[in-house]
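Here is the structure we will look at, set down as structure tokens.
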Amino acid sequence: MTDTTAPASITPVVVRLKLSLLRNGLRQSGGRRAAYVASAVVALLIAALQLVGLIALRGDASAVSVVVLLVAVLGLGWAVMPLFFPSGDETLDPTRLVMLPLRPQPLVRALLAASLVGIGPVFTLVLLLGSVIAVAHGAAAYVTAVVALALGLLSCVALARAVAAANIRLLTSRKGRDLAVLSGLVIAVGAQVVNFGLQHLGSSGLSKLDPAAEVLRWVPPATAVGAVDSVSKGSYGLAAAQLALSVAALTALVVLWSRSLTKLMTAPDGSTIQSAEPAAKDKAATGALSRLLPSGRTGTVMERSLRYVWRDPKTKAAWVTSLAIGLIVPVFNAIQGTGSVYFACFAAGMLGIQMYNQFGQDTSAFWMVATTISTTRDAYVELRARALALLLITLPYATLVTVVTTALLGDWHRLPEVLGLSFALLGAMLATGAWTSARFPYSIPQGTHKNVAPGQAGLAWISIFGGMISAALLCSPVIALTIWANVSADGDQWSWVLLPVGAAYGTAITYAGLRLAAPGTARRLPEILAAVSKA
């Protein structure tokens, strides 16, 4: 007898799985629950304010331009979210379901439904609701708005899923997880771009958005909102074309997603297959780097420090963030015409922070370094080599940022004094960083988003902010000389002296700081090892 019973849908099971993952994650600690609740409240509050603002745009001539751009940015955000935050949602990784007897089509429907659970979809839905309300006029437009809401939300979610499925092998690898390092750079740059754009709009009006909106209203998911506006204006044929484009885009995303799932569940994973050729290239690169560095312990320590910058995710994240902010702050302020050439010192300050907690960057592996330090001389060479490795990046970068900022402002006569001040600040931070690394070391947990181990937050604050204040005080002679050069009648003709003075002062203060830090480092090795190895 043939069994005609239809197979049970897996959609409710996967949705319950998503809710269980969320609930069990919140049970891990009170801090995690508090962070989730706080983030949910903030997100919903922002969404509510955006909803009120969008509704207030009803009747404005530029309302359609604003909402079309807003929905386009929402779609972009959903597209890049899996690349920068691959571990933000456990259900984004379909490889966890590879061993289960599931077909791609039912799995797509189930995962699409599960994707609608969370803060992100609710936030998106509220913004889409405000967008369609802002441009809907008439009963036909409101009916179209309901369809546009569903198409917009499903398109955003399907886009995120398709991107995640297509790149999941990369995102779950070590190199793929390093993509998250770029999130700090993108957020920093994006914030400045948005700030610059808002200032420009504030002076020129929302009508400047119209040309971009005319193009983006034909790019899904913004086409769905564009269709509502077209119906409001009586352009039913145009609205039908925009809705058809939205449906086609959603269908294409679901098909692409389904194909990626099929490939993931049937194709072998070659991500762990080792290749002799990359290994040979890595060895050749290692030899080339070694030849460029000094011989002996100094070169070995410098190479190790540079490899940490390139390979360790936490160290790389800190460096990328410092490099980005050190460039963004002076350059964007210069472009907006509100900056000063002295903002270029921000680059030296941000990069100088990398000298702090040098031994904490080694984590528990510091015991291997500790076994090679038996005298004050050994400690001095270790600290000197780490400072030299940092200078290989910071000196040319700080110089480049200073020159670019000066060129944007056209204030070339101040270039020598700003460079001298940057070099002095960098030297002072290297000196204080070496001392605080030995005096206030703390552990940097691996595999988590935390940068300080529990119970060591006070040490981190003292090390970084105390060191920065001390560095500013150490720079006071050069700062005073710079002030004199700017207020004195004869200061301009002597301002060039600040470049060699600042460079010499920075070198001298770095040397003195390393010498003072070396005895404490050699003497406190057991305490340092215990601090940086704390889980």
Side-chain angles (χ1 to χ4, degrees), residues 18 43 46-47 50 66-95 107-108 111-128 131 148-173 175-194 197 209 212-213 215-227 242 245-261 263-264 320:
K18 176 69 176 288
I46 294 175
Q50 293 286 338
V66 173
V67 299
V68 164
L69 285 170
L70 175 63
V71 176
V73 171
L74 273 177
L76 178 62
W78 278 92
V80 302
M81 180 186 66
L83 299 178
F84 290 140
F85 305 101
S87 60
D89 182 358
E90 292 86 346
T91 61
L92 277 175
D93 185 0
T95 58
L107 185 58
V108 164
L111 290 177
L112 188 60
S115 300
L116 299 177
V117 177
I119 300 174
V122 174
F123 181 86
T124 303
L125 180 62
V126 173
L127 264 60
L128 287 172
S131 298
L149 272 176
L151 286 174
L153 181 60
L154 291 176
S155 296
C156 289
V157 173
L159 179 59
R161 290 289 181 172
V163 171
N167 297 277
I168 197 63
R169 297 296 190 196
L170 171 65
L171 296 176
T172 53
S173 66
K175 290 184 179 296
R177 287 192 295 268
D178 288 350
L179 277 174
V181 172
L182 297 177
S183 61
L185 176 61
V186 172
I187 292 171
V189 174
Q192 290 295 329
V193 170
V194 170
L209 299 175
V215 176
L216 291 175
R217 68 188 302 161
W218 291 99
V219 178
T223 48
V225 177
Q242 290 172 316
L245 185 57
S246 299
V247 173
L250 177 58
T251 303
L253 287 172
V254 172
V255 171
L256 176 62
W257 182 13
S258 178
R259 289 182 178 179
S260 298
L261 285 177
K263 183 178 179 180
L264 285 170
V320 168

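Start at 1 with the first residue, then count along the sequence. Atoms considered below: every heavy atom in the structure, side chains included; atoms not considered: hydrogens, waters and symmetry mates.
Note that CG of L149 is 10.5 Å distant from CG of L154, once rounded to the nearest 0.5 Å. L159 contributes atom CG, which lies 9.0 Å from atom CG of L76 (distance to the nearest 0.5 angstrom). Between R161 atom CZ and L253 atom CG the span is 13.5 Å, to the nearest 0.5 Å.
In plain terms, the two heavy atoms of S246 and T223 that are nearest each other are OG-OG1, 2.5 Å. Across all their heavy atoms, P121 and S115 have their closest contact at CG-O, 3.0 Å. What you find for L245 and W218 is that their closest heavy atoms are CD2-O, 3.2 Å. The two residues A222 and L216 make their nearest non-hydrogen contact at CB-O, 3.3 Å.
Partner of L116 under the side-chain contact (heavy atoms from CB on, under 4.5 Å) criterion, out of V122, V157, T124: V157 alone. The side-chain contact (heavy atoms from CB on, under 4.5 Å) with F123 is formed by just one residue from the set L125, L127, V126; it is L127.
With hydrogens and angles disregarded, no donor-acceptor distance shorter than 3.5 Å links the side chain of S258 to the backbone of V254.
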